[in-house]
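Below: one structure, written as structure tokens.
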Amino acid sequence: MIEAQIEHARLLMRQERFDKAAESLESALAHQPNNPLAHALLAACLGQDEKFDQATAHINQALQLAPDSAFIHYIHANLLYERNRPEEGLAAAQRAIEIEPGAPTYYASLARGFVMLQRWSDVQEMAEIGLMLDAEDVECLNLRALAQRQQGQTSDANASLRAAMQRDPDNAYSHANLGWSLLQEGKREEAIQHFGEALRLEPELEMARIGLIEGLKSRNTLYAWLLKYFLWMNRLSGRTQWMIMIGGYVGYRVIWNLSENNPAWARYANPLLALYVAFAIMTWIASPLLDLMLRLNRFGRLALSKEQIRTSNMIGVCLLGVLTGLALYPIGAMKLEASVAWLPSLLIAGSCGILLPTLSRIYSCSEGWPRNATIAMASVLGIGSFICITATIIALNLPYDAMVVTFNAITRPFYLLCVGGLLSQFAVNYLGTVRVRR
Amino acid sequence: MSNDAVAALRAALEVSPHNIPLRLHLAQTLAELGRTAEVEAELKEALTYEPQNAEIKLALARLFVRTAKSSQALVILEEIAQRGEASAEARVVLARLLLAEGEVRSAVAHYKEAIETDPDVEDAELSAQLGVGAAWQDSDVSEGRLREMADAAPEPVDVDAPERPKIKFADVGGMSAVKEDIRMKAIYPLEQAEMFAAYGKKVGGGILMYGPPGCGKTYLARATAGEINASFLSIGINDVLDMWIGQSERNLHAIFEQARGNAPCVLFFDEVDALGARRSDMVSGAARQIINQFLAELDGVDSNNEGVVILAATNAPWHLDPAFRRPGRFDRLIFVPPPDAPARADVLQVQLRDKPQKGIDAAKIAKSTDGFSGADLKAVVDLAVEAKLTEAMRTGVPLPLTTDDLQAAAKRVNPSTKEWFATAKNYAIFSNQGGVYDDILKYMKL
């Protein structure tokens, strides 16, 4: 009976019904409290439900009962990956390989640890070893393709994936992986087809759902270019990404200073600067903005996640604020001198605009302190913006002298707010890369 | 044999304590007198003189079997068997013990060896249970499986005798569309067989009910049996797991036969996704074999399923092997949604029966418990009762339940169907071939 219960649990795990699998394993353990396999599988199920304390207790018990089981070390590695501890996970996977060097699954596990560390050549190497042991191992084929794609060898990756699909045409992961590879090559429609197929096979596959949405959005030419940029950035190491971002900003400041000092240069510099600013803004808002547009279409609306819908709502409101601010220019022009007529518009539009970076990235920061920090930052900026906007509206309704005084008073805090907004961009970029150990 | 004989034997042993046959004789005499404690003492004494004597050990093992210390008996016998000193008799005892422990394979091995060395020890009953011996030589059924089936219970599988439910459709609140579906598919073909024949409508196939857990699928199946006054046979997950270890398609066949024998009968498979999971998800071959058998039984290849209404329930129809959905099998998928407001009020009223209460407005609570399953509503009542009980113990004044108590409890219960719909939504959007899950989309108003 115990065997049947464990087997049933494994079936449920394959179906990704981890809570039911845990129930089955718990009842197996009630009959046989020292069954190492049941403890290990239970640990895996609990890990999937993010009950990490209990999961750790069970995997430790399993390791104690059967210290020489490669499979249990392998499950341990998976659990550690789940807890965002790739280095420790790699050690566990290595232990599994020491005990049983002939199983491709364990090399795939090692490769997945390297994926978390973005060590793509190591990923590829491990996947290759796995494939030497079993040339048809679909997981290794997929990992190799991922590594190839991240190293820019998309055509090799595609060949790998098509081979994987020939062996197992019903593997959703292969379809999704190929979809991403095609997206990187700019073959949008084909990519969408594969994402759709992946979701048909495995409707809960998140990487396919995200891919499908990105594919649909990149039907917009401007976004297609941006997506290319995002995917290109994604392939770079963390440090290079930072150098590009900071380099871009420093370059912008240098050119700006030069054109300030040499009016003759301004003719060439200004369009360049405007382009840079437009690009920077687009990297923040393009994605949620297109999510907003996707919601006009029934399928898009259904495919978006709750988080994406929430983000697109927030961005929508902010942009509406920016547009309203700009639309208020005639009022400023009517009430103020020509040289400062743009001030009310700028205050309102700017106050809304500086919220865009933080709001657009709340849900890309991982749960826990990074997301909380982003939300806190957004709240502080939001309060500042709210005060600025309210003060601007009040000021516009005051007599002329009082109005001028009020505007003067607002300008300085507003400048501070802008600096905060600028810094928040870098902070959010950093927070988005943080992985919380669990 | 009398106590005198015992005294005489003891006296003789005083003189020659090393005489093992004599001591064994004494032990046997004592055993016949039922003095088991003394038997054990004598045998252990004997072992001190000849620690490796297989005969003494066999006697000791038999004693342990008699006194229900089978694990100790097993240890002794396995030890002598390992040293190759076990007699045929010892092996028979060992085989019996192993069979009781469920280790059919080793039991067979020992029993075979026993009857090979000494055909006289053959035991008809044990032979039948293990599928070993002259009578079984020609069996075309593979030995192992047959033996596994005979494991422990002589009955193929422990299915309860079919019940005859008293509840009818009228007892099931709401769900009129679901009931009509079942009538059309399962009940009318039985009641008005001629009409169906006249239109050339093929009778047969099963109904698969799916939906969030705790929303009355099992209750509905039982009511179907009550509605047509049929017997009701329910196969749950534990029966299935029994089959997995038994590796026995025969068990499944026996279940269907039992249903056919009891026609009209509603044969209900609860959590059918365990019995009929996608073959690619199955880890073991045994479970896969059972799927094939299940399909064959549904098709009624070797027998006629007339008079048997086959119903199944699952929370996860998408995990079912696609072969089950072909025509003639579970070709009708019926979505059983969470109870609507009037049905929820009914459920609450049933749950509140016999509980102290004052002017409870069930309809009002029903309105604020959208998405609650029957099981959730039960949890609401339980929580409210608990809170009231705690209060009564603190104040010493027992107060009746009120609408507010239940409303407060309802806020603390998270509708369990929510999570189910989150998963179901994805299947309904992305994997809705042929519109099988349109009902989900309709219910979710997507």
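Here is how names work: the chains are called A, B, and so on, in the same order as the sequence lines, proteins then strands, and each is numbered from 1.
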- If you count heavy-atom pairs under 4.5 Å between each of A:Glu202, A:Arg17, A:Gln5 and chain B, which one has the most? A:Arg17

- Task: Would you please test B:His319 and A:Leu12 for side-chain contact (heavy atoms from CB on, under 4.5 Å) and show each step?
- Result: CA-CA 10 Å; B:His319 289 315; A:Leu12 291 165; over 6 Å; no

- Work out which heavy atom in B:Ala277 is nearest to a heavy atom in A:Leu11; give both atom names and the distance. CB-CD1, 3.6 Å

- N-O pairing of B:Lys425 and A:Glu204 below 4.0 Å: no

- Query: Can you find a heavy atom in the side chain of A:Phe195 that is under 4.5 Å from one in the side chain of B:Phe430?
  - Reply: no

- Taking everything shown except A:Glu367 itself, do over 12 heavy atoms lie less than 6.0 Å from its CD? no

- Task: Would you mind checking which part of B:Asp273 comes under 4.5 Å of any heavy atom in chain A, side chain (CB onward), backbone (N, CA, C, O), both or neither?
- Result: both

- Message: Please rank A:Lys20, A:Arg10, A:Glu7 by heavy-atom pairs under 4.5 Å with chain B and give me the top one.
- Response: A:Glu7

- Inter-residue atom distance A:Leu199.CG - B:Asn426.CG, 0.5 Å rounding: 8.0 Å

- Whatever's closer than 4.5 Å to a heavy atom in chain B on A:Arg301 counts as neither

- Query: Side chain, backbone, both or neither: which part of B:Leu275 has a non-hydrogen atom closer than 4.5 Å to chain A?
  - Reply: neither

- Item | Neighbour count above 12 (heavy atom, 6.0 Å) for A:Met207 CE | yes

- For chain B, find which of A:Arg209, A:Gln15, A:Arg14 contributes the most heavy-atom pairs closer than 4.5 angstrom. A:Gln15

- chain B contact via A:Ala303 - which portion, at a heavy-atom distance below 4.5 Å: both

- B:Glu419 CD: over 12 foreign heavy atoms closer than 6.0 Å: no

